[in-house]
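What follows is a set of notes on a single structure, which appears directly below.
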Protein chains: 2
Amino acid sequence: MKIDRTDKAILELLQRDATLSVGQVAEKVNISKTACWRRMQQLEKQGVIEKRVALLNAEQVGLPLTVYISVCTNQHNAGWAQNFQRVTQNIPEILEVHRMSGDLDYMIKAVVSDMKGYDRLYKKLIDADLSDVSASFVMEEMKHTTELPLDQL
Amino acid sequence: MKIDRTDKAILELLQRDATLSVGQVAEKVNISKTACWRRMQQLEKQGVIEKRVALLNAEQVGLPLTVYISVCTNQHNAGWAQNFQRVTQNIPEILEVHRMSGDLDYMIKAVVSDMKGYDRLYKKLIDADLSDVSASFVMEEMKHTTELPLDQL
DNA sequence: TCTAATAAGGAATTATATTCCTGAATTGAT
DNA sequence: ATCAATTCAGGAATATAATTCCTTATTAGA
């Protein structure tokens, strides 16, 4: 199934605001309600639309501090990697974990309430045998979006 | 307005799946549809719920490569910062920009189609006089969520 | 305890999603 | 080019959900 110009327009709208009704989307992209509904279904079935979520304000829920943590290791073994995977999955403050190119290391993004909160997170990582850990704190969030650019479609 | 236990439960549900109907949420948190609807309205009015969005699959829309770019500067002046702000806001591949603690630098997260795509982005940054740029590519996305932990509420 | 204020639920109403059916456009074979 | 066969689109009907409105509890303060 190919994503055409109309699908692209639908995706752009829904990335911005998923509360739009089928009718509203249909009108904006100039097709009928039914046709629009079918396209939206299709895009979900294909997995192009992964999910619809509510985005919360981190400050208002008591998580004003974002921190990037890089973790280095010289342990190449599968056991270590598996343990790392398991530990990070189960810490809810950790929002993202990436294995990076270059050095053999990982980048973690986490949100915490304050330095005390970071310290608790740090200890959890240390306890899990992730020793080579270094943190950078976010001073100012200048841009933050979940909208992917769809130019290439 | 205080966020109580019930609000917290509502937020946890909607962070995970914003397609849940008011009725479904109400049932899960054991209150009436109307009460639940009012709480949801309130949470939106307060800005605790910032928005509802559709999350797309980056691979399926042709953006399989994520890159972190750090930008250093020795230019402290307001003009440079303003230019930086303007340039990054207008590049849609750039999803996040953070000013970090420690060294005077910035961290950018971007998505691109491939190395060619990265190179185009790189050139845009260079053109905008952001010279001290270094990239790290994501090899594997191990965790990626927009769900904030609400334990502290 | 009484009153005012606040919060909750049920029923009615409105809006929206979803299905179903019909007709148009497109494709592929002859 | 013509004729099925298939895919795609739209309108109307139906089902589901959101929203409003009204009435009843519950709470806080005098």
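Throughout, a chain's letter reflects where its sequence line sits, starting with A, and its residues are numbered from 1. Both backbone and side-chain heavy atoms feed into the values below; hydrogens, waters and symmetry mates do not.
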| task | Measure from CD on B/Gln41 to P on D/dC21 and round the result to the nearest Å. | result | 13 Å
| request: Among the candidates D/dA9, C/dT18, C/dG9, find the nucleotide nearest to the side-chain atoms of B/Ile31. | output: C/dG9
| Atom-pair distance (CD on A/Glu27; C1' on C/dT16), nearest Å | 14 Å
| said: In whole Å, I'd like the distance from the CD atom of A/Gln42 to the P atom of C/dA17. | reply: 19 Å
| said: Please determine whether residues B/Met40 and A/Val53 belong to a single hydrophobic cluster, defined as Ile, Leu, Val, Met, Phe, Trp and Tyr linked transitively by side-chain heavy-atom distances below 4.5 Å. | reply: no
| request: Establish whether the base of C/dA8 is bridged to the side chain of B/Arg38 by a donor-acceptor pair shorter than 3.5 Å. | output: yes
| request: Looking at every strand, decide which applies to B/Thr34 at a 4.0 Å heavy-atom threshold: base, sugar-phosphate, or nothing. | output: base
| message | Distance check needed: C/dA15 C1' versus A/Gln24 CD, whole Å only. | response | 11 Å
| Taking everything shown except B/Phe137 itself, do over 12 heavy atoms lie less than 6.0 Å from its CZ? | yes
| Roughly, in whole Å, what's the span from CG in B/Asp4 to P in C/dA7? | 11 Å
| request: Identify which nucleotide among D/dC21, D/dA18, D/dG10 has an atom closest to any side-chain atom of B/Lys33, counting heavy atoms from C-beta outward. | output: D/dA18
| For atom NZ of A/Lys2 and atom C1' of D/dT7, their distance in whole Å | 16 Å
| request: Take the protein atom CE of B/Met40 and the nucleotide atom P of D/dT20, then report the distance between them rounded to whole Å. | output: 13 Å
| said: Is it the case that over 12 heavy atoms from other parts of the model lie below 6.0 angstrom from the CD atom of B/Glu140? | reply: yes
| Is it the case that one hydrophobic cluster holds both A/Val133 and A/Leu65, taking links as side-chain heavy atoms less than 4.5 Å apart, direct or via other members? | yes
| note | Nearest heavy-atom contact between A/Leu95 and A/Pro92 is CD2-O, 4.0 Å
| Nearest to the side chain of A/Trp37 - C/dG9, D/dA9, C/dT19? | C/dT19
| request: Could you tell me whether the phosphate oxygens of D/dA9, OP1 or OP2, come under 4.0 Å of any side-chain nitrogen or oxygen in A/Arg39? | output: yes
| said: Tell me the interatomic distance from A/Glu44, atom CD, to C/dA17, atom P, rounded to whole angstroms. | reply: 12 Å
